[in-house]
There are 2 protein chains.
Amino acid sequence: MAAVPEPRRFMTKVARMYYTHGIRQVEIASSLGISQARVSRLLQAAEQAKIVRTIVVIPEGLHAEIEEDLQKRYGLSQAHVVEALDPNDEAGINRDLGEAAALILSAMQLSGKTIGFTSWSRSLRSLVSTLEPSKKRSTATRIVEMLGDVGPPQLQHDSTRSTQRFADLIGGTPLFIRAPGVLSSAEMREAMISYDVHTREAIAALDELDVALVGIGTCNIDAPLEPGGNFFTVEQFEMAKSLGAVGQINLRFIDAEGIPIVSELDSLVIGVTLAQLPAKGGRFAVAGGRSKYEAVRAALRGNWIDTLVTDMETAERLLRE
Amino acid sequence: MAAVPEPRRFMTKVARMYYTHGIRQVEIASSLGISQARVSRLLQAAEQAKIVRTIVVIPEGLHAEIEEDLQKRYGLSQAHVVEALDPNDEAGINRDLGEAAALILSAMQLSGKTIGFTSWSRSLRSLVSTLEPSKKRSTATRIVEMLGDVGPPQLQHDSTRSTQRFADLIGGTPLFIRAPGVLSSAEMREAMISYDVHTREAIAALDELDVALVGIGTCNIDAPLEPGGNFFTVEQFEMAKSLGAVGQINLRFIDAEGIPIVSELDSLVIGVTLAQLPAKGGRFAVAGGRSKYEAVRAALRGNWIDTLVTDMETAERLLRE
DNA sequence: GCAATTGACGAATCTTGATACACTTGAGCG
DNA sequence: CGCTCAAGTGTATCAAGATTCGTCAATTGC
């Protein structure tokens, strides 16, 4: 970031006049001796520079009934339901959920905590992208990746950046798992873990999670992920399914009742185990969309999450079925 | 607040489409089967209902040099300088300062603390009016009025409401001082204090302040205040001035060097004493405008405040003179 | 049961704000 | 020294959004 001293001040002044005091652009222009066009441009720049922030607050308890019902039925401590614009647009839903979750998260007390983060989750990445920087700095806060790298290099990049950014925004230290998320053998897994200091550190931190932002996944290989490599193969997924798996939480499979599926697959994953998830109060999940319904329900039934952000349709199905 | 269940949901939906997704009003209108006019009106309503919030952030350290200079010169832990639109418009300055202070305050950790509040201060009331509700609830947090009632009934109402609202927003319990701020005799003062349980409670809490939002006042009787009654008389002010007073902090007079002026006036005031102000780190003042300059400088010199929010002109004078 | 009143709504219109384009200025370079 | 190019600005214009006004439905009063 280069030194940009003057314009920001001017932008702030104009922005305050416009937004806070509600003065018209022409009036601002004439009172400052510049053209209206310039005021308009300054305002745009101010918005760009995040000097002006327009946020849409989800009014507390807008969907009060349905949220309470969800909480009661599944023993959640918090449920948040977001109105999806288009129930068919999974990407859009994920974005919306992420935005909503960002608001909710910003109200949570996180400083000093050890926070598990699932960086490959689309909704959690979108959460990070809309999170506003918190003024509270605390190096005591740790952001731990809960799973090694999965998917193609591009996704790995995004994930790392996302974790980094999350840590920056919240004012904590990121702990990365610099290793593939899925290995081809248990031996390889051991080798990888012992390989990197940072990875060992991160893995150790997984035992001390206060809050976990978990990703809930289906038993299919969705869009950006690819079978094999640092991910399960199609056969491995099929095997999990044949054992009753309907979904997974950070690649730990669970059945329709939420019961963990124990198999040799577990020993191939570098990441948080279900047993390591924090105690009640810190299991935060952001998931929605039709494809994830089964998995979400399973996770709820198994009590693996206690704060859920989801879309209207999923919420309704969760109560109906 | 009556039950307004449906429109809010709709407003939120539209607001999200417009602001978050950047969809044009006409498109929103057609996609929802309503007119563009209605979209416009819904957005206005959403803004009104605070569902949409447009905030202008003061970029961190915009006035870095001057703020640092202030901090160094007066040993402040924080200084914030706000650009005033019109240095002559004291009411406007107070509003601006209040808004800025609200942003700063919202970044402070307040839960669980005992917070002293000066409800008659215009800038602090304006702070409250722009403060955004915090989600953190904590009944352990206490908001204590630091001075009894002063001024006409209208002001008393405003003050009480302001304290109440502040407590609501921050999620704490308000403690009111239900007594005049200035009594005609020390005996009356004792009588008033013993009179009301709540007042006694509040007064007791003044000994345990963690943070004080102090008001800095001049030695004149400004606009909404009136001499006599529950306030000092003109003669009393003159007497304080003759003893060297140039300003007062919650009606405790100080001279140009910030040294407290001890007089029998002190025994007439129901409110916090200078000795009761919290230790370094919790003395928060919002004050600016030409008329207050002397008082602010005195308060700074006496080290009665360590976090100051003020306007550019005052800041510059504080460094120059 | 019928006016009168109120409030909500959309079409048309007017206002406000964004943008295309032309012009100025100053830095960098031949 | 003059040319080029980029950045920034103002004017004029165009698009987007706010408002006015008339209509209609629901509610209230008589």
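Below, each value reflects all heavy atoms present in this structure, side chains not excepted, and no hydrogens, waters or symmetry copies. We name chains A, B, ... by the order of the sequence lines, and we start the count at 1 in each one.
Between B/Gln25 atom CD and C/dG10 atom P the separation is 13 Å, expressed in whole Å. Straight-line distance from the CG atom of B/Leu42 to the C1' atom of C/dG10: 13 Å, rounded to whole Å. At whole-Å resolution of the value, CD1 in B/Ile34 and C1' in D/dG17 are 14 Å apart. Spacing between atom CD1 of B/Ile28 and atom P of D/dG17 amounts to 8 Å, rounded to whole angstrom units. Per the geometry, CD belonging to B/Glu27 stands 15 Å off P belonging to D/dA15, to the nearest Å. A/Gln48 has its CD atom 15 Å from the C1' atom of C/dA18, to the nearest Å.
When the nearest nucleotides of DNA chain D are assigned to A/Arg38 and A/Arg24 by heavy-atom distance, the more 5′-ward of the two goes with A/Arg38. Comparing A/Leu43 and B/Ser35 against DNA chain C, the residue whose closest nucleotide sits nearer the 5' end is B/Ser35.
B/Arg161 CZ: 12 or fewer foreign heavy atoms inside a 6.0 Å radius.
Checking B/Thr307, B/Leu105, B/Ile143 one by one against B/Leu213, the side-chain contact (heavy atoms from CB on, under 4.5 Å) holds for a single residue, B/Leu105.
For A/Ser40, no side-chain nitrogen or oxygen approaches OP1 or OP2 of C/dG17 to under 4.0 Å. Between B/Gln44 and D/dT19 there is a side-chain N or O to OP1 or OP2 distance below 4.0 Å.
Under a 4.0 Å N-O distance rule, the pair B/Glu99/A/Arg16 qualifies as a salt bridge.
The base of C/dG10 sits within donor-acceptor range of the side chain of B/Arg41, with an N or O pair under 3.5 Å. With hydrogens and angles left out, the side chain of A/Gln36 and the base of C/dA18 share a donor-acceptor pair within 3.5 Å.
Taken from CZ in A/Arg125 to CZ in A/Arg165, the straight-line distance is 13.0 Å, to the nearest 0.5 Å.
Closest to the B/Tyr18 side chain, of the nucleotides C/dG17, D/dG17, D/dG10, is D/dG17.
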